[in-house]
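Below is one structure, written out as structure tokens; comments come after it.
In this text the structure is predicted, and so the values were computed from the model without any measurement.
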Amino acid sequence: MIGFSSQTISFDKFCRHVEAYLCRIGQLEPGQFPMTRRQVLRGGESCGLYFCVHGPRSVKLTAVYDHRKKTTIYYGTDGVRRSQESISVKLPSPQPHSA
């Protein structure tokens, strides 16, 4: 298990950290492949974030951040859990929907 200190980090720094860690798992160069990010919903409420680095030859490396537990779980290309870390992230405020 890896982790930061108990301080809260910014959302942008957290996203860069997740991308770098997923690239390290897949032996990829950070910044060379696209990373997508999606909200995870439970009962219509946001409960986490799903990250996916899209590598070459349809390779996908994923991570899931749980808001409540403040935990990120990393998965390899085979879908097997590789590691987990506890980290507190300052999430951006939800943007209001325009009509």
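Here NZ of K60 is found 14.5 Å from CG of D78. Values are rounded to the nearest 0.5 Å. Of the inter-residue distances, the one linking R16 atom CZ with K13 atom NZ reads 8.0 Å to the nearest 0.5 angstrom.
Annotation: side chain of C23 is in contact with side chain of V53 (closest heavy-atom distance under 4.5 Å). You'll find the side chain of E85 reaches within 4.5 Å of the side chain of Y74, heavy atoms only. Inter-residue side-chain proximity for S10 and K90 is flagged as unmet; no heavy-atom pair is nearer than 4.5 Å. At least one side-chain heavy atom of T71 sits under 4.5 Å from a side-chain heavy atom of Q84. Looking at heavy atoms from C-beta onward, K70 lies in side-chain contact with S88 at the 4.5 angstrom threshold. Side-chain contact between Y65 and I87 is present, with at least one heavy-atom pair separated by less than 4.5 Å. Looking at V64 and F51, their side chains never come closer than 4.5 Å, going by heavy atoms from C-beta outward.
Side chains of S83 and Y21: a donor on one and an acceptor on the other come within 3.5 Å. Residues Q27 and R24 bring no donor and acceptor atom of their side chains to less than 3.5 Å of each other.
Under the side-chain contact (heavy atoms from CB on, under 4.5 Å) criterion, R68 pairs with D66, not counting sequence neighbours.
Linking Ile, Leu, Val, Met, Phe, Trp and Tyr whenever their side-chain heavy atoms come within less than 4.5 Å puts Y50 and Y75 in one cluster.
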What pairs of donor and acceptor atoms, side-chain ones from residues 28-49 against any protein atom, are under 3.5 angstrom apart with sequence neighbours left out?
| from | atom 1 | to | atom 2 | distance (Å) |
| --- | --- | --- | --- | --- |
| T36 | OG1 | H54 | NE2 | 2.9 |
| S46 | OG | H67 | NE2 | 3.3 |

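V18 and A63 get closest at one heavy-atom pair: CG1-CB, 4.0 Å.
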In sequence, state the C-alpha distance, the side-chain angles, and the governing distance for L22 and T62, and then conclude on side chain to side chain contact (heavy atoms under 4.5 Å, CB included). CA-CA 7 Å; L22 288 173; T62 59; 5.7 Å; no
